[in-house]
Amino acid sequence: EVQLQASGGGLVQAGGSLRLSCAVSGFTFEDFAIGWFRQVPGKDREGVSYIKSSDGSTMYADSVKGRFTISRDNAKNTLYLQMNSLKPEDTAVYYCAGDPTVITSTMRLSSAYRYWGQGTLVTVSS
């Protein structure tokens, strides 16, 4: 059974940092593309960052490029999102997601991912 569990959210002041974790089971990172998405109430879910299964290369949304870093620990079956220089507009519920069928052209689309974690709330105060 594929499972993902996100954690690490919290309240932080603007300019601060947080590290999100996503513990996964039922699959390996070599087989699944995996990524982070975020959602604010009333808005569509937005892609943040992704890792390709084939070569581990990464992609970022322009809004977080240079501030966020995605990584994975294959031995611990854990995905991370290091978030630095946080801004109030980063406030959202953050979700991790994975799917074995995602390809480069669909990595940014939330609809391409079948497996989702439960979400963790990040609140950035100004």
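Starting from 1, each residue takes its place in the sequence as its number. No experiment lies behind these values; they were computed from the predicted model shown.
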Check your understanding: Among the clusters formed by ILVMFWY side chains lying less than 4.5 Å apart, do Phe32 and Ile70 turn up in the same one?
Key -> yes

Exercise for review: Determine whether Met83 and Val93 fall in the same hydrophobic cluster, where Ile, Leu, Val, Met, Phe, Trp and Tyr are linked whenever their side-chain heavy atoms lie under 4.5 Å apart.
Suggested key: no

Exercise for review: For residues Asn74 and Thr28, determine if any side-chain heavy atom of one lies less than 4.5 Å from a side-chain heavy atom of the other.
Suggested key: no

Check your understanding: Heavy atoms, side chains only, cut-off 4.5 Å: are Thr104 and Lys52 in contact?
Key -> yes

Exercise for review: Measure from NZ or CZ of Arg19 to the centre of the six-membered ring of Tyr80 and say whether it is under 6.0 Å with the direction within 45° of the ring axis.
Suggested key: yes

Point to revise | Any Ser63 side-chain heavy atom under 4.5 Å of Glu46 side chain | key: yes

Review point. Can Ser17 and Asn84 be said to form a side chain to side chain donor-acceptor pair (under 3.5 Å), step by step?
Key: CA-CA 4 Å; Ser17 298; Asn84 298 330; 2.9 Å; yes

Check your understanding: Any donor-acceptor pair under 3.5 Å linking the side chain of Asp99 with the backbone of Arg114?
Key -> yes

Review point. So, Gln39 side chain and Ala92 main chain: donor-acceptor pair closer than 3.5 Å or not?
Key: no

Point to revise | From CZ (Arg108) to OG (Ser49), nearest 0.5 Å | key: 9.5 Å

Practice item. Indicate the ring-plane relationship of Tyr113 and Tyr50, choosing parallel, tilted or perpendicular according to the 30° and 60° boundaries. Key: parallel

Check your understanding: Has Asp44 got more than 12 heavy atoms of other residues, nucleotides or ligands less than 6.0 Å from its CG?
Key -> no

Exercise for review: Return the minimal non-hydrogen interatomic distance between Leu79 and Gly35, and the atom names on each side.
Suggested key: CD2-O, 4.1 Å

Review point. Got a sec: does the CD of Gln5 have more than 12 other heavy atoms crowding it under 6.0 Å?
Key: no

Review point. Can you list the steps and then say if Tyr95 with Ser110 is a side chain to side chain contact (heavy atoms under 4.5 Å, CB included)?
Key: CA-CA 10 Å; Tyr95 299 88; Ser110 61; over 6 Å; no

Review point. Would you say Trp36 and Phe68 are hydrophobically clustered, going by side-chain heavy atoms of ILVMFWY under 4.5 Å?
Key: yes

Check your understanding: Of Val64, Leu20, Val122, which meets side-chain contact (heavy atoms from CB on, under 4.5 Å) against Leu81?
Key -> Leu20

Practice item. Look at Lys65 together with Asp62 and state whether they make a salt bridge at an N to O cut-off of under 4.0 Å. Key: yes

Point to revise | Derivation and outcome, side chain to side chain contact (heavy atoms under 4.5 Å, CB included), residues Val12 and Thr123 | key: CA-CA 6 Å; Val12 64; Thr123 303; over 6 Å; no

Point to revise | Common cluster, Met107/Val2, ILVMFWY with side-chain heavy-atom separation under 4.5 Å | key: no

Check your understanding: Which value, rounded to the nearest 0.5 Å, describes the distance between Thr106 atom OG1 and Leu109 atom CG?
Key -> 6.0 Å

Review point. Do Tyr115 and Phe27 have their ring centres less than 6.0 Å from each other?
Key: no

Exercise for review: State, with a plain yes or no, whether a side-chain heavy atom of Ser53 is found less than 4.5 Å away from one of Asp31.
Suggested key: no

Check your understanding: Taking everything shown except Gln13 itself, do over 12 heavy atoms lie less than 6.0 Å from its CD?
Key -> no

Check your understanding: To the nearest 0.5 Å, what is the distance between CG (Leu121) and OG1 (Thr91)?
Key -> 8.0 Å

Check your understanding: Do you know the tightest heavy-atom contact between Ser126 and Pro88?
Key -> CB-CG, 3.8 Å

Practice item. Would you check if Ser111 and Arg45 make a side-chain contact, meaning some heavy-atom pair closer than 4.5 Å? Key: no

Check your understanding: Under 4.5 Å between any side-chain heavy atoms of Asp90 and Arg67, yes or no?
Key -> yes

Review point. Side-chain heavy atoms under 4.5 angstrom apart, residues restricted to Ile, Leu, Val, Met, Phe, Trp, Tyr: same cluster for Val124 and Tyr60?
Key: yes

Check your understanding: Looking at side-chain heavy atoms only, is the closest gap between Val24 and Phe29 below 4.5 Å?
Key -> yes

Exercise for review: Determine whether Leu4 and Ile34 make a side-chain contact, defined as any pair of heavy atoms from C-beta on separated by less than 4.5 Å.
Suggested key: yes

